[in-house]
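Only this structure's heavy atoms are used, side chains among them; waters, hydrogens and symmetry mates stay out.
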Amino acid sequence: MRIGSIVLFGGLLLTAMPAFSAEPAKLEAGEHVLKKGETAEFKIASSAATSSELHAWCEVAAGGNASLMFDGDHYIPLSEPTVGDTISLAAGENRRYELEGTVEANKGDAYIAFAFTGAPTSMCFPGMQCDGAAAGAQEVKVACGNNK
């Protein structure tokens, strides 16, 4: 009888406890056109007390060959790209990323960013024609938003 009372009490206690659900993190949506050396930063609004989940998207596009570095703070990616990844785009390529990850509890300084580092360098050996720099993008467009 005692065990039954404990199980009943435990069950009542669990049903009386409110379900904890952290608010999802929200990315500051926007669009940036970057020149070489510029960075597009997107702030993340999230809880200061606990980790929360981010479900967002970003699209990158370039008219020529381009390299971008993905960066972030307090963002733990569960999808590509990861912090520190180099993204190489071919001329005219558009790429979309579905960002899924966890945002650590922070003091309002969480963000993700894309830095336009230039055109990928091509491997050139003596006697080869190396015109990779001529195909480099002058600008890169980066747009990000939240999934609903």
Side-chain angles (χ1 to χ4, degrees), residues 9-148:
F9 177 73
L12 290 173
L13 183 61
L14 286 176
T15 57
M17 293 176 62
F20 178 74
S21 174
E23 282 290 314
K26 293 290 182 193
L27 191 66
E28 177 184 66
E31 183 176 301
H32 299 273
V33 177
L34 307 175
K35 302 272 188 219
K36 183 178 175 187
E38 294 181 337
T39 300
E41 184 175 302
F42 300 89
K43 295 192 178 293
I44 302 172
S46 62
S47 172
T50 185
S51 296
S52 51
E53 298 303 311
L54 177 70
H55 305 285
W57 58 268
C58 288
E59 293 180 351
V60 292
N65 296 336
S67 289
L68 297 127
M69 177 72 71
F70 182 72
D71 191 16
D73 198 15
H74 300 292
Y75 173 64
I76 303 166
L78 300 173
S79 62
E80 291 185 354
T82 61
V83 174
D85 277 357
T86 297
I87 300 167
S88 295
L89 297 174
E93 183 177 7
N94 297 336
R95 202 173 296 168
R96 181 180 173 102
Y97 292 99
E98 296 295 329
L99 302 178
E100 300 289 332
T102 301
V103 179
E104 300 171 314
N106 65 86
K107 297 175 184 172
D109 56 350
Y111 71 88
I112 62 160
F114 293 85
F116 180 20
T117 57
T121 56
S122 53
M123 292 286 288
C124 292
F125 296 100
M128 290 178 66
Q129 183 178 1
C130 295
D131 59 355
Q138 298 300 309
E139 297 178 336
V140 173
K141 183 173 128 183
V142 180
C144 293
N146 293 288
N147 291 336
K148 301 201 180 207

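Shortest non-hydrogen contact noted between Leu34 and Ala40 is CD2-N, 3.7 Å. Nearest approach of Val103 to Ala25, heavy atoms of both residues: CG2-CB, 3.8 Å. For the pair Glu98 and Ser79, the tightest heavy-atom approach, listed with the atom from each and the gap, is O-OG, 3.0 Å. Heavy atoms only, all atoms of each residue included: Gly136 and Ala119 are closest at CA-CB, 3.7 Å. Of all heavy-atom pairs spanning Ser52 and Ser47, the tightest one is OG-N, 4.0 Å. Thr82 approaches Pro77 most closely through the heavy-atom pair CA-CG, 3.7 Å.
A distance of 8.0 Å separates CG of Asp73 from CD of Glu104, quoted to the nearest 0.5 Å. Cys58 contributes atom SG, which lies 9.0 Å from atom CD1 of Ile87 (distance to the nearest 0.5 angstrom). In this structure, CZ on Arg96 lies 10.0 Å from SG on Cys144, to the nearest 0.5 angstrom. In this structure, CG in Asn146 is found 9.0 Å from CH2 in Trp57, a value given to the nearest 0.5 Å. In this structure, CG on Asn147 lies 8.5 Å from CG on Leu54, to the nearest 0.5 angstrom. Distance check, rounded to the nearest 0.5 Å: NZ of Lys26 to CD1 of Ile44 gives 12.0 Å.
Look at Glu59 and Arg95 and you find no salt bridge, because none of the NZ, NE, NH1 or NH2 atoms lies under 4.0 Å from a carboxylate O. For Lys43 and Glu41, the salt-bridge test passes: some basic side-chain N is under 4.0 Å from an acidic carboxylate O.
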Legend entry - Steps toward side-chain contact (heavy atoms from CB on, under 4.5 Å) verdict (Lys35, Glu139): CA-CA 5 Å; Lys35 302 272 188 219; Glu139 297 178 336; 2.7 Å; yes
Inset, instruction - Evaluate the side-chain contact (heavy atoms from CB on, under 4.5 Å) criterion for residues Thr102 and Glu53: first the C-alpha distance (whole Å), next the side-chain angles of each, then the deciding distance (0.1 Å), finally the verdict. - result: CA-CA 5 Å; Thr102 301; Glu53 298 303 311; 3.2 Å; yes
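Counting only heavy atoms from C-beta outward, the side chains of Tyr97 and Pro81 approach each other to under 4.5 Å. At a threshold of 4.5 Å between non-hydrogen side-chain atoms, the residues His32 and Phe42 count as touching.
Between the side chain of Asn65 and the backbone N or O of Ala91, at least one donor-acceptor pair lies under 3.5 Å.
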Please output the side-chain donor-acceptor pairs of residues 108-117 that fall under 3.5 Å, not counting sequence neighbours, one pair per line with the distance.
| residue | atom | partner | partner atom | Å |
| --- | --- | --- | --- | --- |
| Asp109 | OD1 | His74 | NE2 | 3.0 |
| Tyr111 | OH | Asp71 | OD2 | 3.3 |
| Thr117 | OG1 | Ser67 | O | 3.0 |

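Surrounding CD of Glu80 are at most 12 heavy atoms belonging to other residues, nucleotides or ligands under 6.0 Å away.
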